[in-house]
Amino acid sequence: MRGRMGGHQKIALGYFVVLLGAAALNYIPGLTDADGRAFGIFALDLFDDALHLASALWALAAALISARAARMFLVLFGALYLADGLMGLAFGSGYLDFGIFTNGVVALPFGFKILANLPHIGLGGVALVAGLRR
């Protein structure tokens, strides 16, 4: 059994890849518009990139350390990102990027809020469910 990754570790490793991709979005030519928005939706800045990179490294470390560490990552990461996405959906600003503190409640069209927060809701929800499953 030694050297084989369990299911939680494989999922955490997948999150490493996805989050690393999110951190790289601003640096891939053609994915940002003239306003610096990835796909015309996400205004990612250096702080967002650092948050995604730190989350990616956390996922990688958890996947490599143990099944228990990977499961803990999935539960904690999932809860944090899901709550951030739901907060962004409700208030137009989340807390992981300190937007709720710096921008307060932002009146945005609901459809835009869905598109802008769907990645955190989806990633967080899937991670939380995966982490809570044995």
Side-chain angles (χ1 to χ4, degrees):
M1 286 298 260
R2 190 176 176 121
R4 296 182 69 174
M5 282 193 166
H8 289 117
Q9 289 170 284
K10 290 176 183 176
I11 294 169
L13 197 57
Y15 270 80
F16 164 70
V17 172
V18 169
L19 290 163
L20 198 58
L25 279 178
N26 282 340
Y27 309 101
I28 300 171
L31 292 185
T32 56
D33 62 14
D35 295 326
R37 295 185 184 278
F39 307 112
I41 300 170
F42 310 106
L44 301 173
D45 58 18
L46 190 57
F47 184 79
D48 293 314
D49 297 338
L51 175 66
H52 291 134
L53 181 59
S55 297
L57 294 174
W58 179 23
L60 178 62
L64 296 176
I65 290 170
S66 69
R68 184 172 180 233
R71 186 168 187 233
M72 184 178 293
F73 161 77
L74 292 169
V75 170
L76 294 175
F77 170 88
L80 290 169
Y81 270 63
L82 177 60
D84 182 69
L86 292 174
M87 181 178 233
L89 190 61
F91 302 115
S93 296
Y95 64 86
L96 287 177
D97 65 354
F98 298 110
I100 195 69
F101 306 109
T102 58
N103 304 323
V105 176
V106 180
L108 297 168
F110 189 67
F112 181 83
K113 288 197 287 188
I114 289 173
L115 290 174
N117 291 288
L118 198 56
H120 279 207
I121 292 169
L123 286 171
V126 169
L128 185 57
V129 168
L132 292 174
R133 293 187 69 178
R134 289 262 172 206

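- Atom CG of Asp84 is separated from atom CD1 of Ile100 by 10.0 Å, given to the nearest 0.5 angstrom.
- In terms of hydrophobic clustering, with Ile, Leu, Val, Met, Phe, Trp and Tyr side chains grouped at heavy-atom distances under 4.5 Å, Met87 and Leu96 are assigned to a common cluster.
- By the 4.5 Å heavy-atom criterion applied to side chains, Leu13 and Leu60 are counted as neighbours.
- Neither Val126 nor Leu132 shares a network with the other; the hydrophobic side chains, linked directly or stepwise wherever heavy atoms of I, L, V, M, F, W or Y lie under 4.5 Å apart, form separate groups for each.
- Summarising the geometry of Ala69 relative to Ala62, their closest heavy-atom pair is O-CB, 3.5 Å, with the distance given to 0.1 Å.
- Two residues are said to be in side-chain contact when any heavy atoms from C-beta on lie closer than 4.5 Å; Leu25 and His52 fail this criterion.
- For the pair Trp58 and Leu19, the minimum side-chain heavy-atom distance is 4.5 Å or more.
- Considering CG of Leu80 and NE2 of His120, their distance stands at 10.5 Å, rounded to 0.5 Å.
- With rounding to the nearest 0.5 Å, the separation of OH in Tyr81 from CG in Leu51 is 4.0 Å.
- Side-chain N or O atoms of Tyr15 include none that pairs as donor or acceptor with a backbone N or O of Ser55 at under 3.5 Å.
- Inter-residue side-chain proximity for Leu64 and Met5 is flagged as met; some heavy-atom pair is nearer than 4.5 Å.
- For the residue pair Ala63 and Gln9, the shortest heavy atom distance occurs at O-NE2, 2.9 Å.
- The heavy-atom pair separating Ala56 from Phe16 by the smallest distance is O-CD1, 3.1 Å.
- Around atom OH of Tyr95, more than 12 heavy atoms belonging to other residues, nucleotides or ligands sit under 6.0 Å away.
- A donor-acceptor pair is defined here as one N or O able to donate and one able to accept, closer than 3.5 Å; such a pair exists between the side chain of His8 and the backbone of Ala130.
- Criterion: ILVMFWY side-chain heavy atoms under 4.5 Å apart, direct or through other members. Under it, Leu86 and Ile114 are part of a common hydrophobic cluster.
- Clustering ILVMFWY residues whenever any of their side-chain heavy atoms sit less than 4.5 angstrom apart, transitively, puts Val75 in the very cluster that holds Ile121.
- From Phe77, atom CZ reaches atom CG of Leu82 across 10.5 Å, with rounding to the nearest 0.5 Å.
- Between Asn103 and Ser93, the shortest heavy-atom distance links the atoms CB-OG, 3.9 Å.
- One hydrophobic cluster holds both Phe73 and Ile11 under the rule that ILVMFWY side chains link at heavy-atom gaps under 4.5 Å.
- The nearest pair of heavy atoms linking Leu20 to Leu53 is CD1-CD1, 3.7 Å.
- At least one side-chain heavy atom of Phe110 sits less than 4.5 Å from a side-chain heavy atom of Leu89.
- Rounding to the nearest 0.5 Å places CZ of Phe47 at 7.0 Å from CG of Asp97.
- Closest of all the heavy-atom pairs between Asn117 and Gly85 is CB-O, 3.5 Å.
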